[in-house]
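This report concerns only the one structure given below.
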Amino acid sequence: MAVADSLPGEFDVIVLGTGLTESIIAAACSRVGKSVLHVDRQAYYGGNWASFTFSGLLAWIEENKEAFSKEEITEWMNDINEGEEIILLNSSDKSIMNVEVFNFASQDPVEDVKEEASLQKKDDLFLTVDLVEDLKEEGSSQRKDDLFLTVAVAESFESGIEKSPDTYVNEHPAETLEHNDVCTSSQKKNPELSIDEKRSVNVCKTSVAETRKTITYSQIIRESRRFNIDLVSKLLYSRGSLVDLLIKSNVSRYAEFKNVNRILTYQNGSVEQVPCSRADVFGSKQLTMVEKRMLMKFLSFCIEYEQHPEEYADFKERTFSDFLKTKNLTPNLANFILHSIAMVLDTDLTTEGLRATQHFLQSLGRYGNTPFLFPLYGLGEIPQCFCRMCAVFGGIYCLRHGIRCLVVDKETRRCKAIIDSCGKRISCGHFLVESSYLSDDHHQKVKYRLISRAVLITDRSLLKADSEQLISLVTVPPLKSGQPAVRIIELCSSSMTCMQGTYLVHLTCSSVETAKEDLSPVVSKLFSENMKAGEKGEVEAERPNVLWALYFNMPDFSSVERSSYDLPNNVYVCCGPDSGLGNDCSIQQAEHIFHQMFPDEEFCPPAPNPEDIVYDGDGTPPEESVFKEHGESEVGDGEERTLDTKYLVTSTTNEAEDAQESVKEIPTE
Amino acid sequence: MHGRIKLKTTEEQAEQKQKERLKKLHFYETTRSACFAKRKAGILDEEGLILSGQLLAANPDFATLWNFRREIFLHLKEEKNPEELQTLFEKELSFLETCLRVNPKSYGTWHHRGWVLDHSPHPDWKVELELCSKFLQFDERNFHCWDYRRLVVQRAEVSPQEELEFTHKLIGTNFSNYSSWHYRSTLLPLVYPDTECRVGRADEEALLTEYELVQNALFTDPNDQSAWFYYRWLLGRADREETVSCLYISREGQRLIVSFSHPVNVLLPRDELILFVDGLPLRVTWKSPHPQLKRSAIWQLSLISSMICELPPNTINAACSEHNFKVHWRDGRIQRECILYKGRSESWCRDSATDQQLFRCDLSVEKTTVLQSELNSCTQLQELEPDNKWCALTIILLMRALDPLGYEKEMLQCFQTLKATDPMRTAYFDDLLSKFIIENSILKMEYAESRNLTNLCHLDQMQLVTHMNLTSNRLKSLPIHLSMMQCLEVLEASDNEIESLEGLVQLPRLQEISLQNNRISKIGDLRPLASCPSLILLNLKGNPITEVPDFESELSELLPSLKDLIV
């Protein structure tokens, strides 16, 4: 962690908040040679865009339940000169609301935790491997079920080293101290633990007729590190502005992606696949021949709707759903298009619907059969990638570091400097802040919306398929009028966001009521919240079980005009995540703010090729390792991350580590 | 400042690149000469493998080097023990895989891979099959890989059923894939053999499910050709049986004409045609109606000129005699017999299949109900996609298969649509339409009313026609196939765009030709007429040739027997 005292006293740009928009702007500024100080009051990157391990998320929940006491330190008031005034910022974030947690997974005996604790000392890897192997042999003489289980345990052990604690450290450097111990213990699987799992399986075998692996809460805790739970649930449109930016700026080298495999919807009481690509329509068994033609015909029109204004001229002022009614589409098809392809509201206008449909279709086929990509290890990776880029070009990072107030010149009405949480005064040319850092006084003047979110851990997919490793986007049209349309993203374990045998399910909608009130009707329609299988009806037995659920509301400042904040001109406000599926809103804002700051500079030009870089010769430059080519990395860790999937760009963990190294390395001269 | 990145200038970059290029070139050239020197000296060792490998990795299309490698392998095969050989071959396979990754469309690499496996002590063809699947996943139209796959399938004895499923999978991901559809058409007859054992045909039941599959593609994207072509293959499955369709005898000139269902060359031993007159085999020399027609549906013979006198002279042309004529073809399996009765000047025996089945060879003898339902769904598709040419064309073919005369009006309409939506192919559609109009004329037995023809076909069906009216069409020539109309006496071809008369050759009975308002411009264009001995009337009014000086005298020299020339 940076020693705050050693920070330089002046920066071109100071950025407060490490969410996507702020990180992109920080990277863009640093890339064109501006000096950047990037701070976040949290110990983790991303703000509301962050990803957490399971225990990390539990800590986050606790934090958001606690009431914060305001610290009153005023010694820094000495630094305020005459002719200056201050604007106070929030010292804590109280924007997350209505947090509710439900645990449906069966609880394990208390000894379990003790066992875990006692295991911490046994970190001899080879010994553990031997034991697992012994167990395998033992298993062969046992009954079939047991054998299966043992193998499964052995497998999870093998995959358990995929992401070593060291890797983890570098992804969330600040968390290292708190969590390293826990991680270590959960990594080193051992026979004692697997016996425990066996016991729990045996218990459920007596009650469940159909053998389904039951995952207990302690397993989730133990495998906490397998989870990367995003606070914001979004996808990348393959031809969206974020993908374009990642490619243009070469930031893509820091991230890996997996294609979203299926687009599903909830219709007539069941989850169905939405035929959206040519291959889907061809293979669809639900559509009649004529429906296939009508759908393809309409979609081909949408791709180039601008060339046929006559087709929708009469509907410019009317809603998209009205327009769909005139297109000879069966109600099924109209629903598919409205809710799952355009993903617009019933009340949205025709042009908006057409634009959204076009965007969807243009993104199809670039990287796969659906228009979407998901970043491995969660969306929280993306802001961090831009932070890495910023750091490579000299940006300085300070986490767990707040800013108390802005110092404003009374005459020029410009922000001259900031006072940080250590009381140090740092001058700046531009100040960028994420809106949740603004004090309540500022927010009282603006009207903002809320996003309802739910995070579920489930035990099976919403729609069974040949492969268990699928990422699905499920759109649920409003169940009743007045209720919002809900977007579900179901992530499999190969997306590196949840432990094996589970699915991580994100639900998102624009808030009408609290998150629980908005989303629980959908959860109870699509999932089973009752783990006792004996009491389930047949239909319900097919549904995924919810093992654990979290509901919360997050503010959405995306519709707030900058002018509604009474702030100096060189203070820029980032709105934080919006409720949409794509990231266009954040990218547009980032580019817009960057051009306001530096009208003559290029926004995120491509980073140079590694071989074109020459070094000044003042010691080992931090960049060297960042630009390392594939396969040159010395340690095998990076290889472990490689999955049998298509990547946009692959990178090795080592790059990320080294980049983080440079983040921490703050010049002391 | 610390941590700042400095970039090389473009000049530096260019210079560096140039240096690297030169270095590479030098390396390539020295290695190449080393390889050639080794080969010349006959040194076939493992070093040769290394050297040629370095070159082939960069340029896999260097055929000589692949040959060099094969020579080395054949040599090493005698020297090494089986284990050593196996490792050597395995190494070669992994080398080839890297080459294929660099260039997946190299003839040399794929061919060499096949050779290596064929010579390897323990070839693992299953691995090869997976390799093919991977490369086809990468590029489903890589025909090099398809070729190789066929080899692998044959060697690994993969069942056609598995391959059929494989094509299904590929079509599922992207149905714009000719290779997969075509592969299906070869696999289906193997997996579901035809119940009547016709070669290359599949069982009707299996085909019905194929209709559904292909219709999914048609309705999803009617502009994709691959599915339409497969659909036509599905629909058109019955070849006409080979037969001698007609035998004609005329006392005048003692001529005999034989027509076949398909063009053949009876001069070849395997297609030998034997003539029996009154039960006695005669050695005769058959002639095709036009010297350019090597394969023809019509073969003829004049007993006067070609008979080697085994029959008394004037046997045939004596009006009172009665004779039995018989031809044997395909070793007597196909025969046709005809009796020239007393007092008759000519006689013929025709195939009775001259009815509606005659022109259904493109589309099958498939049950009419299936065709009808296919027509219905295509019509449905056409309502949704009125501008789709593939759909319109398929509808035409289906209507012709079902009822060529009954759908005549609809067919003409469809052709109008086709020409409007695809003006680039107007000429093709005109020719196709001409063909169908002629077919209909033949079916209706009316030869006088065809209009707008751009092309003449099925002339072999008209060998007995004596009067032909082609007036007011858009014909540009009278093609050589017209010479099949051996009985033609009067030809009316006025108001066309005819420039050439190459088909009016050796038509023994042709007496009158009307060629008013055409584009005959040179005396040479009329030369074919000299071989028509009976010609007495020729109308050339409105042709450019009439303005050529001395044209009439030259013509009388060319056609001395001509009595009436109208200009």
Side-chain angles (χ1 to χ4, degrees), chain A residues 8 30-31 33 35 275 277-285 287-300 328 365 368-369 390-396 605-624 626-627 646 662-663 665-669, chain B residues 1-17 19-20 134 137-138 140 168-177 180-181 211-224 226-227 230-231 373-374 376-388 390-391:
Chain A
S30 171
R31 175 71 185 87
S35 59
S277 69
R278 200 162 161 266
D280 286 351
V281 174
F282 171 68
S284 169
K285 299 245 188 301
L287 301 181
T288 65
M289 295 289 176
V290 178
E291 280 185 311
K292 287 184 183 194
R293 187 79 290 272
M294 295 317 294
L295 181 60
M296 286 302 289
K297 201 174 178 175
F298 182 75
L299 296 181
S300 333
N328 279 336
N369 248 345
C390 177
V392 164
F393 286 91
I396 292 176
N609 283 328
E611 62 266 25
D612 294 336
I613 294 170
V614 282
Y615 299 107
D616 294 358
D618 59 342
T620 318
E623 300 79 35
E624 185 182 40
V626 175
F627 289 107
K646 268 185 193 168
S662 74
V663 169
E665 191 179 305
I666 285 172
T668 47
E669 63 261 52
Chain B
M1 187 182 161
H2 174 84
R4 290 284 152 167
I5 283 171
K6 238 180 162 183
L7 291 182
K8 287 177 193 166
T9 60
T10 37
E11 290 82 42
E12 282 171 333
Q13 282 176 31
E15 194 187 332
Q16 199 178 342
K17 264 192 194 139
K19 260 187 204 159
E20 277 163 20
K134 235 175 215 157
Q137 201 179 355
F138 180 62
E140 64 236 329
H168 201 121
K169 217 176 83 193
L170 284 188
I171 289 168
T173 40
N174 180 8
F175 61 83
S176 304
N177 188 338
S180 289
W181 289 115
Y211 283 126
E212 205 185 315
L213 182 73
V214 76
Q215 284 214 348
N216 273 319
L218 301 182
F219 275 78
T220 306
D221 187 353
N223 293 316
D224 185 80
S226 55
Y230 185 62
Y231 190 57
S373 81
E374 292 304 309
N376 291 347
S377 49
C378 280
T379 319
Q380 197 180 22
L381 182 57
Q382 202 191 23
E383 277 163 26
L384 302 171
E385 294 294 317
D387 294 342
N388 188 282
W390 301 105
C391 189

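This one's a predicted model, so the numbers in the text were calculated from it and none came from an experiment. Residue numbering restarts at 1 for every chain, and letters A, B, ... go by the order of the sequence lines.
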Cut-off 4.5 Å, heavy atoms of chain A, and the answer for B:L381 is side chain

How close do A:R293 and B:D221 get, heavy atom to heavy atom, and via which atoms? NH2-CA, 4.4 Å

Residues A:A279 and B:G172: closest non-hydrogen pair is CB-O, 3.4 Å

For B:N174, side-chain contact (heavy atoms from CB on, under 4.5 Å) partners two or more places apart: A:R278, B:E140, B:S176

Can you tell me how far apart CG (B:N216) and OG1 (A:T288) are? Round to the nearest 0.5 Å. 10.0 Å

Once rounded to the nearest 0.5 Å, what's the spacing between atom CG of B:N223 and atom CE of A:M296? 9.5 Å

Is B:Q215 close to chain A through its backbone or its side chain, or both, or neither, when contacts mean heavy atoms under 4.5 Å? both

B:E383: partners by side-chain contact (heavy atoms from CB on, under 4.5 Å), with sequence neighbours left out: B:T379

Aromatic ring pairing B:F175/A:F282, orientation class (parallel under 30°, perpendicular over 60°, tilted between): tilted

In Å and rounded to the nearest 0.5 Å, what is the CG to OG1 distance from A:L299 to B:T220? 11.0 Å

